Amino acid sequence: LGNYQISAWIWKQSISIDSVPVLIYFHGNGEHLGDMYRNGTFNKFHALGVHFIAIDYPGYGRSMGKSSEESIIHAANSLVNHVMLTFPNNPKYICGWSLGAAVAIQIAAQFEKDLTGLIAISPWSSLVECASAHYPRFLVKWFIHEKYETSEHAKNIHCPVLVLHGEQDRTIPVDQGRKVAQNFPHP
């Protein structure tokens, strides 16, 4: 990716037949691959019997570069292109949590014809709307330049989608997840 490297973890099941699903996972903000290893996330994916792959975004964990919406989406796009080449015939699912849900939805809109499904955990409708639930909107618009217009990207996804959101989520209000879910063309 340009002049910097992105750290990725991949787990391939010992059976490498075309029917083994591939899970592409995008983590949340303030998280990195080392956290996912320590908290058992990778063990849970392994127990599902899938191949899985995840990256640290630019500026996260061991990945180099500056974190921005553009650099994160570029890294995610590169990862999915790699998966398409490495596992051409396997069913492919994209999953993301929080920031990762915004990334997953944006990437799924680009690759939706090649996907078996999308899982969005605690998605926000847009970064500005989510931040405005905690801070005055005029300050949010002044300080936040990233968009992550998740609801807009959701309109372009026709593969099966599962949206998960906790009603007591204090960071991303559940109404954000509901709004995203309503924007997918197929309920």
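What you see is a predicted model, and the numbers here were worked out from it, not measured in a lab.
Residues I72 and E146 fail the side-chain proximity criterion, which asks for heavy atoms closer than 4.5 Å. Between T116 and C159, the closest side-chain pair of non-hydrogen atoms is not below 4.5 Å.
Contact record, Q13 with H51: N-ND1, 2.9 Å, taken as the closest heavy-atom pair. Across P185 and A154, no two heavy atoms sit closer than the pair CD-O, 3.4 Å.
Checked against side chain to side chain donor-acceptor pair (under 3.5 Å), S122 has the following partners two or more places apart in sequence or in another chain: D169. Remark: D114 pairs with no residue by the salt bridge (Lys or Arg N to Asp or Glu O under 4.0 Å) rule, at least two apart or across chains.
Atoms CD and OG, from Q182 and S151 in turn, are 9.0 Å apart once rounded to the nearest 0.5 Å.
Using a 30° and 60° split on the angle between ring planes, Y60 and Y57 fall in the perpendicular class, above 60°.
Counting non-hydrogen atoms of neighbouring residues, nucleotides and ligands closer than 6.0 angstrom, the CZ atom of R62 reaches no more than 12 such neighbours.
Between E152 and K147 there is no salt bridge, since none of the side-chain N atoms of the basic residue sits less than 4.0 Å from a carboxylate O of the acidic one.
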Donor-acceptor list for residues 98-107 side chains, cut-off 3.5 Å, not counting sequence neighbours:
{"from": "Q106", "atom 1": "NE2", "to": "E69", "atom 2": "OE2", "distance (Å)": "3.3"}

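Side-chain rings of W11 and F45 stay apart, their centers remaining 6.0 Å or farther from each other.
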D56 and H27: CA distance, side-chain angles, deciding distance, side chain to side chain donor-acceptor pair (under 3.5 Å) verdict: CA-CA 8 Å; D56 271 335; H27 61 70; 3.2 Å; yes

